[in-house]
Enquirer: 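This is the structure I want to talk about, given as structure tokens.
Quantities reported herein were computed from a predicted structural model and do not represent experimental measurements.
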Amino acid sequence: MHVDMDAFFASVEQRDHPELRGRPVAVAGPADQRGVVCAASYEARKFGVRSAMPTAAAIHLCPRLIVVPPDHRRYARVSEEVMALFCRLTPLVEPLSLDEAFLDLTGTVKSRLQAVELGRRVQDEVRSAVQLTCSVGLGPNKLIAKIASDFRKPAGLTVVEQNEVLDFLAPLGVRSLWGVGEKTARRLNEMGIMSVAQLREMSLERLEKLFGVYGHQLYAQARGRDDRAVQPVRKIQSIGREVTFPRDIGDGEILKGEIAVLAQDVARALRSKGYLAAHLTLKIKFYNFKLITRGKRLAEPTCLAGELASVTVALLNQSWTGTPVRLIGISCGKLIPVDRVQLSLFTGERERKMRLAKVGDDVTRKTGVKVLPAAEWLAKGYQDGK
């Protein structure tokens, strides 16, 4: 089973603010600060408003669009309630994001009737628990279940049995397949391949020649094959943060200041999830949308903001020549669980910094105020109960 909450962020806003119900709503950043749409209500989607679209473009399509700033903490709380509900059905739940998850129901569903009954039960319980709707897809594997959940949105329920897979996929566009993005779809379309049925006519050899290793995946998906298991615990591959500026920035000191703030946010996220980072990547998007990334392996794994900022600034100095910057970001990879790292890494000064950072995290959790490394006196005062 794949469960997908309908227009999740926008629906939460409409639920909590009755005056927004039935009106075109976009959860997005400000248009004058290069904001981007995070989610759009179905009323807004009728005008062509979509996620990842610039807010200014969305307003152009829908002049009466109501733009609401995102409240990710609230969405996360609602998501936790929904995921807890899924876990009561089966321990094999794999969240893909805040608003969707796979559930492994092997052995639970033995007929179409049972599948429909279980799908309706999930929808009813979600509606009862959080007053929101979701769409449900049931199929023999993850690929089919995910496509099925998107088949009759919103509040849709689609069941696809094994003997129906090929007929179900045949008329769908190639974009419906997992991992087929705009570029791949355009390339296929240019060859006259519009539907999954047409893709199925291509040989494995031909697809591998055109798309390399991914060609094998396309060949399998066109036939409804997917042997991936539901993974209840998904390993975090990276943790990152980025910021898009309201105006292009050509001042190095401003960029370094933003790096300090981003490094603090990334470090706090690393600590909260119990990881140290062994690799760091700087991302820069220039005024002309040219994008570069520069990476470096860290001398020692860390979750300290100062160390992340220092390496990032060094990468900036090496790669930036003064061209105005539209976006800057930090991403940490090669994550190592803290309990697997030798304690000798955190002795002396690093241990003191680590302890102080955790105190700052505690202040942030309890007060909502972000404590920066420079405010050590504030952290010490909090620690002393002042």
Side-chain angles (χ1 to χ4, degrees), residues 28-29 33-38 51-55 57 70 72 96-97 178-187 211-214 217 234-337 341 372-373:
Q33 297 181 25
R34 292 176 172 168
V36 174
V37 175
C38 299
S51 297
M53 173 183 289
T55 307
H72 293 291
L96 294 182
S97 60
W178 202 297
V180 177
E182 185 177 344
K183 290 183 179 179
T184 302
R186 186 187 308 121
R187 192 173 175 190
F211 299 100
V213 176
Y214 183 56
Q217 184 176 329
R234 304 177 72 218
K235 182 180 178 181
I236 298 174
Q237 301 296 326
S238 65
I239 292 175
R241 298 289 186 273
E242 61 185 39
V243 59
T244 299
F245 301 117
R247 292 174 296 279
D248 299 327
I249 301 297
D251 186 324
E253 294 307 309
I254 293 177
L255 292 177
K256 291 173 185 178
E258 290 294 340
I259 284 172
V261 175
L262 291 172
Q264 181 70 6
D265 287 347
V266 171
R268 187 180 294 113
L270 285 167
R271 291 190 295 270
S272 70
K273 297 180 184 301
Y275 285 103
L276 302 178
H279 189 274
L280 183 146
T281 300
L282 166 67
K283 175 182 177 182
I284 304 175
K285 183 180 289 186
F286 297 106
Y287 76 98
N288 57 4
F289 289 88
K290 179 183 177 182
L291 177 67
I292 66 168
T293 58
R294 298 290 183 268
K296 183 177 179 61
R297 185 173 183 85
L298 302 178
E300 292 180 315
T302 188
C303 59
L304 296 173
E307 295 177 359
L308 295 177
S310 177
V311 173
T312 308
V313 168
L315 290 173
L316 178 72
N317 290 336
Q318 294 168 15
S319 55
W320 183 61
T321 59
T323 304
V325 173
R326 175 185 178 88
L327 172 151
I328 195 164
I330 300 174
S331 178
C332 287
K334 298 189 183 300
L335 304 183
I336 306 170
V341 178
L372 298 176

Enquirer: I'd like to know whether Glu242 forms a side-chain contact (heavy atoms from CB on, under 4.5 Å) with Lys283, so could you lay out the CA-CA distance, the side-chain angles of the two residues, the decisive distance to 0.1 Å, and finally the verdict.
Expert: CA-CA 8 Å; Glu242 61 185 39; Lys283 175 182 177 182; 3.0 Å; yes
Enquirer: Can you tell me how far CZ of Arg187 sits from CZ of Phe211, rounded to the nearest 0.5 angstrom?
Expert: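 With rounding to 0.5 Å, CZ (Phe211) is 5.0 Å from CZ (Arg187).
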Enquirer: Does the side chain of Phe286 come within less than 4.5 Å of Pro324's, by heavy atoms?
Expert: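 When only atoms from C-beta onward are counted, Phe286 and Pro324 do not touch, as no gap falls below 4.5 Å.
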Enquirer: Show, in sequence, the C-alpha distance, side-chain angles and deciding distance for Leu335 and Leu276, and conclude whether the side-chain contact (heavy atoms from CB on, under 4.5 Å) test is met.
Expert: CA-CA 6 Å; Leu335 304 183; Leu276 302 178; over 6 Å; no
Enquirer: Is the shortest side-chain heavy-atom distance between Lys296 and His279 below 4.5 Å?
Expert: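 No; the side chains remain at least 4.5 Å from each other.
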Enquirer: Measure the spacing between CZ of Arg294 and CD of Gln318 and express it to the nearest 0.5 Å.
Expert: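 Here the rounded value is 9.5 Å.
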Enquirer: Nearest 0.5 Å, please: how far is SG in Cys332 from CD1 in Ile239?
Expert: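 Result: 7.5 Å between the selected atoms.
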Enquirer: If you define the side chain from C-beta out and look only at heavy atoms, does anything of Leu282 sit under 4.5 Å from Thr293?
Expert: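 No, every pair of side-chain atoms sits at 4.5 Å or beyond.
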Enquirer: Under 4.5 Å between any side-chain heavy atoms of Phe289 and Arg326, yes or no?
Expert: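 When only atoms from C-beta onward are counted, Arg326 and Phe289 do touch, with a gap below 4.5 Å.
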Enquirer: Closest heavy-atom contact between Val313 and Lys256?
Expert: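 So the two residues come closest at CG1-CE, 4.0 Å.
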Enquirer: Given 3.5 Å as the limit, does a donor-acceptor pair link the side chain of Ser310 with the main chain of Gly306, or not?
Expert: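 Flag not set: sc Ser310 to bb Gly306 has no pair under 3.5 Å.
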Enquirer: Tell me, do Leu270 and Val266 make a side-chain contact under 4.5 Å, heavy atoms counted?
Expert: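 Yes, their side chains come closer than 4.5 Å.
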Enquirer: For Thr302 and Leu298, work out which heavy atoms get closest and say how close.
Expert: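 Nearest heavy atoms, Thr302 then Leu298: CG2-CD1, 3.8 Å.
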Enquirer: Any side-chain to backbone donor/acceptor pair from Ser319 onto Leu315? Under 3.5 Å, distance only.
Expert: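 The answer is yes, because a donor-acceptor pair under 3.5 Å joins these two groups.
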Enquirer: Sequence neighbours left out, what pairs pass side chain to side chain donor-acceptor pair (under 3.5 Å) with at least one residue falling in residues 243-255?
Expert: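 Non-adjacent pairs meeting side chain to side chain donor-acceptor pair (under 3.5 Å): Arg34-Asp248.
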Enquirer: Looking only at heavy atoms, what is the nearest atom pair of Ile249 and Trp320, with distance?
Expert: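 Scanning both residues, the minimum pair turns out to be O-CZ2, 4.5 Å.
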Enquirer: Once you round to the nearest 0.5 Å, how far does OG1 of Thr281 lie from NZ of Lys334?
Expert: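 Here the interatomic distance stands at 9.5 Å.
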Enquirer: Is any side-chain heavy atom of Val243 closer than 4.5 Å to one of Leu327?
Expert: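 Result no, sub-4.5 Å side-chain heavy-atom pair not found.
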Enquirer: Are there more than 12 heavy atoms of other residues, nucleotides or ligands under 6.0 Å from atom OH of Tyr287?
Expert: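 Atom OH in Tyr287 is not packed in, count stays at 12 or less.
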Enquirer: So which heavy atom on Leu291 is nearest to which on Ile284, and how close?
Expert: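 Closest approach of Leu291 to Ile284: CD1-O, 3.3 Å.
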Enquirer: Output the distance between atom OG1 (Thr55) and atom CD (Gln33), rounded to the nearest 0.5 Å.
Expert: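 Between atom OG1 of Thr55 and atom CD of Gln33 there are 10.0 Å.
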Enquirer: Please check this pair: side chain of Ser238 against backbone of Ser331, looking for a donor-acceptor N/O pair closer than 3.5 Å.
Expert: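 No: the side chain of Ser238 does not pair with the backbone of Ser331.
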Enquirer: Can you check whether Ile330 reaches Leu308 side chain to side chain, under 4.5 Å on heavy atoms?
Expert: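 In short, these two side chains do not touch, never coming nearer than 4.5 Å.
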Enquirer: Any chance you could measure Arg241, atom CZ, to Arg268, atom CZ, to the nearest 0.5 Å?
Expert: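 Going from CZ on Arg241 over to CZ on Arg268, the span is 9.5 Å.
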Enquirer: Testing the basics here: between Phe245 and Val325, what is the closest heavy-atom pair and its distance to 0.1 Å?
Expert: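 Taking Phe245 first and Val325 second, the nearest heavy atoms are CD1-O, 3.6 Å.
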Enquirer: Which heavy-atom pair separates Ala28 from Val37 by the least distance, and what is that distance?
Expert: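 Nearest pair, atom of Ala28 first, then Val37: CB-CA, 3.6 Å.
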Enquirer: Any side-chain heavy atom of Tyr214 within less than 4.5 Å of one from Thr184?
Expert: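 Result yes, sub-4.5 Å side-chain heavy-atom pair found.
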